[in-house]
Chemist: 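This is the structure, below, for whatever I ask next.
Every chain is numbered from 1, with letters handed out A, B, ... down the list of sequences. Side chains are part of it too, since the values below use all heavy atoms of this structure and drop only hydrogens, waters and symmetry mates. Bear in mind the structure is a predicted one, so any value in this text is a computation, not a measurement.
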Amino acid sequence: MEQQEIFEKLSMAIIEGDENKAKAFAHEVLRSKIDPLEAVEQGLSKGMIFLGDRFEKGEIFLPDLLIAGDAFNSAIDVLKPAMEALKKNIAKVGTVLIGTVNGDVHGIGKNIVGIVLEANGFEVVDIGVDKPSLKFVEEAEKVKADVIGLSSLMTTTMTAQKEVIDILKEMNLRKKYWIVIGGGPVTQEWADQIGADGYAGSAFQAVHLIKRLLGQKKIGA
Amino acid sequence: MLSFLDVYERAIKGPIMSEKDFDMKVFIPRLRNVVNAYGIQYNRETPVPSDDRAADHLYKAAVDFLSQVGIYCQNTNRIIQFTQEEILEAVRKAPGKCFAGEGKEAGIFGMRKPDEQKAPWFHVGSGIVTTSEEMATNKIEGYASIAEVNSISIPALDSIRGIPVLAGSPAELYAAIRGIKIGREALRRAGRPGLPIMNLISTAAAAVTTIAASAPQFGLRITDGWLCGAISEMKIDFGTMNKVAYLLNWGANIGAETSPILGGYCGGPAGTAVVSTAYILMGLLVQKGNYQLHFPIHFKYGCCTTRDILWTVSVSCQAASRNIPMPVIWLGYTAAGPNTKMYFYEAAAYLLCAVASGAPSVQTPHPAKAVKMDGFTPMECKFGVETAKAATQASRQQANEKVIRLLEKYESQIEAPPSGSRYQDCYDVVSGKPGEAYVRLYDEVKEELARMGIPFSSKG
């Protein structure tokens, strides 16, 4: 099988969410001595990008994306040893720490944002729901996050988003991170008011926003 | 029938599983299987179908789905499971009515069937944040002054004495108690002190605040209604379960609050319709609701007025109102804000869809996805009541035709809707009366909708 054909088959396996095919063509990559990193970029990732576009247009839904993600990860498991042997890593776009703020147990919006970010090549560290404000700061320091994402689904917990930003300021760490906020009652107006770097109204907007922010230089970072 | 302690026991003894595995290995694949096995299909051409057999078939799918999946308890990481027989027994024994209100405002919130001309229970208002106590009082007085209103929701306060409200904090408790006092005071001012408040406690995020502020000395009564929320999708936590336990011991009205998300783990409209119907069963079995507040919502647009959500609302409302004796308040979120034509088109589409599909109650559709502070006025309540009344005259087929025409007016703007006005921008905050421009817009849209064949009462 030609290299290009294998890339196309890999891409198609992801689009179809077919774990077995994804693994089989990943093995074909190794047998054909194709650069595994190129197979990820030209095959697997292209499939995910195609699905991401369809998801954004509302043509497919989250479960389709999750199933494709499983197929993607299965293929990566096959290719990983070869990539490590060649000392090649998949370039991560950035590390995003996400969580739902103190007092708020709603996780689904945050989870969806995490899934879509991962599908777009981000390293996502999800610290869960109802997390104390200081925990966001401690974990961001620990995982060397580029971005902190704060989710809140209730008007009475939105204030905890501000609290995280205030703590970062008090600890002289504010300039180290991009802060993005989201959730049902959250608006751009609120983001401006509390000094967040951005607001995203949906998972797609979060991806675009974070990519844009990471393309900028952090003043004083 | 299973008691709440039986449910709790299952929450501590049911199969253990990580939350991620519940989502990925139980919820998503089993929902897909049920959708395929029952052949549930979305038809975008008919947002309000008129098929009783399909509605009953969806109900059976929901019973099957709930028995296969159960409810995940986040605190114990265990699944609360129910057999089909237990689900059906809960349905058989459900009273199908809720007693709410006091004195001359006391009423029975009961069931309706699709195409039934009986008026729904008119629930108005919202828990949307109001930034001043004076505005909150004026708004509530405005809601209660609509004669047909049976029950109300009161706004949440975002601060107390200028101190921001943090969930579970002392400020939240002060604000929750203050919010109740404002609600009762405003109802007295409107001459309707017995009217039930059924979104308790809007200012309280933490269960401990809800329970503490519910002590009778702060003004609440068992004939009001408390919202005990499930977590999407098909999950519950001890916060909600503690509220349920407290309210059951007190004998107060419990409102099971549920919101399936179209485009999330439910997938598309077909899966969301199954989950939406299953949530009404959950309300009976888990939260032990006397009534339910239910709002299927679109993941991408954050509103309930897109074509696919309207279909989901219609079919699950038909399935539930024909088969599950649970008085459900169906709540819609619109994309557009108050004081815009688009808000009225969206609200009319939602109300026609829900009322014709047998909604026992409809709440005032919440403008601007319910995210705009002060973005709610009594004018939307008035429109909600008048339109819901008119909608009782429409069969599902007639509602479908009108909903399609309304969709043509706003569907293309869902992605970038007008955000509209805040209360203080379109009302006189001192007198609590709407501004002339808003009254003109209201009359103009109502005339337009009447020309479309929505039979508003001449007294309205």
Chemist: Locate the shortest heavy-atom distance separating B:I28 from A:P63; write the atom from each residue and the value.
Modeler: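 Looking at all heavy atoms of both residues, the shortest contact is CG2-CB, 3.7 Å.
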Chemist: Please flag which part of A:T187 lies under 4.5 Å from any non-hydrogen atom of chain B: side chain, backbone, both or neither.
Modeler: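 Only the side chain of A:T187 comes within 4.5 Å of chain B.
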Chemist: Please identify each residue that fulfils salt bridge (Lys or Arg N to Asp or Glu O under 4.0 Å) with B:K25, with sequence neighbours left out.
Modeler: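 Counting only residues at least two positions away or on another chain, B:K25 forms a salt bridge (Lys or Arg N to Asp or Glu O under 4.0 Å) with B:D21.
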Chemist: I'd like to verify something: which residue of B:A167, B:G263, B:A205, B:S232 has the highest number of heavy-atom pairs under 4.5 Å with chain A?
Modeler: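 Max contact count across the listed options: B:G263.
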Chemist: Taking salt bridge (Lys or Arg N to Asp or Glu O under 4.0 Å) as the test, write out the residues that go with A:E28, two or more places apart.
Modeler: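 Partners of A:E28 under the salt bridge (Lys or Arg N to Asp or Glu O under 4.0 Å) test: A:R31.
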Chemist: Does atom CD of A:Q188 have more than 12 heavy-atom neighbours, drawn from other residues, nucleotides or ligands, at distances under 6.0 Å?
Modeler: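 Correct, the count exceeds 12.
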Chemist: Does any backbone or side-chain atom of B:D237 lie under 4.5 Å from a heavy atom of chain A? Answer side chain, backbone, both or neither.
Modeler: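 Contact with chain A: side chain only.
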Chemist: Determine the minimum heavy-atom distance between A:M158 and B:M373, stating which atoms define it.
Modeler: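 Where A:M158 meets B:M373 most closely, the heavy atoms are CE-CE, 4.1 Å.
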Chemist: Is it the backbone or the side chain of B:E233 that comes under 4.5 Å from a heavy atom of chain A, or both, or neither?
Modeler: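 Backbone plus side chain of B:E233, per the 4.5 Å heavy-atom cut-off to chain A.
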Chemist: Heavy-atom distances under 4.5 Å only: say whether A:E163 touches chain B with side chain, backbone, both or neither.
Modeler: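 Contact with chain B: side chain only.
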Chemist: Quick one: CG on A:L62 to CD1 on B:I261, what's the gap to the nearest 0.5 Å?
Modeler: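 A:L62 CG to B:I261 CD1: 10.0 Å, rounded to 0.5 Å.
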Chemist: Give a yes or no on whether A:K162 atom NZ has more than 12 heavy-atom contacts from other residues, nucleotides or ligands under 6.0 Å away.
Modeler: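 For A:K162, atom NZ is not crowded (no more than 12 foreign heavy atoms under 6.0 Å).
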Chemist: Where the side chain of A:T159 meets the backbone of B:V165, is there a donor-acceptor pair that is under 3.5 Å apart?
Modeler: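 Yes; judged by distance alone, with no hydrogens or angles, the pair exists.
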Chemist: Using a cut-off of under 4.5 Å on heavy-atom pairs, state which of A:A160, A:A203, A:S202, A:G184 scores highest against chain B.
Modeler: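 Going by pairs under 4.5 Å, I would pick A:G184.
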Chemist: Check each atom of B:L166 against the heavy atoms of chain A and say whether the ones under 4.5 Å are side chain, backbone, both or neither.
Modeler: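 Backbone plus side chain of B:L166, per the 4.5 Å heavy-atom cut-off to chain A.
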Chemist: With side chains defined as the heavy atoms from C-beta onward, is the minimum distance between A:I108 and B:F299 less than 4.5 Å?
Modeler: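 Answer no - side chains too far apart.
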Chemist: Please indicate whether A:E141 has more than 12 foreign heavy atoms, meaning atoms of other residues, nucleotides or ligands, lying under 6.0 Å from its CD.
Modeler: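 It does: A:E141 CD has more than 12 such atoms within range.
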Chemist: Go through B:G168, B:G264, B:A368 and name the one with the most non-hydrogen pairs under 4.5 angstrom from chain A.
Modeler: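 Max contact count across the listed options: B:G264.
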Chemist: Using the test side-chain contact (heavy atoms from CB on, under 4.5 Å), find all partners of B:T272 that sit at least two apart in sequence or belong to another chain.
Modeler: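 Partners of B:T272 by the side-chain contact (heavy atoms from CB on, under 4.5 Å) criterion, ordered by chain and then number, come out as B:P260, B:L262, B:C266, B:T312.
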Chemist: Can you say whether A:I67 sits under 4.5 Å from chain B via the side chain, the backbone, both, or neither, judging by heavy atoms?
Modeler: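 Only the side chain of A:I67 comes within 4.5 Å of chain B.
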Chemist: Taking heavy atoms only and a threshold strictly under 4.5 Å, list by residue number the residues of residues 96-107 of chain A that touch chain B; give 'none' if the list is empty.
Modeler: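 Within residues 96-107 of chain A, the residues that come under 4.5 Å of chain B (heavy atoms only) are A:N102, A:G103, A:V105.
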Chemist: So which of B:M24, B:K235, B:K20, B:H298 has the biggest tally of heavy-atom pairs under 4.5 Å with chain A?
Modeler: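 Winner by heavy-atom pair count: B:M24.
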Chemist: Working to the nearest 0.5 Å, report the span between CG of A:N111 and CD of B:E19.
Modeler: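 Output value for this atom pair is 7.0 Å.
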Chemist: Would you indicate whether B:Y174, at its atom OH, is surrounded by more than 12 heavy atoms from other residues, nucleotides or ligands within a distance under 6.0 Å?
Modeler: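 No, the 6.0 Å shell around OH holds no more than 12 heavy atoms from other groups.
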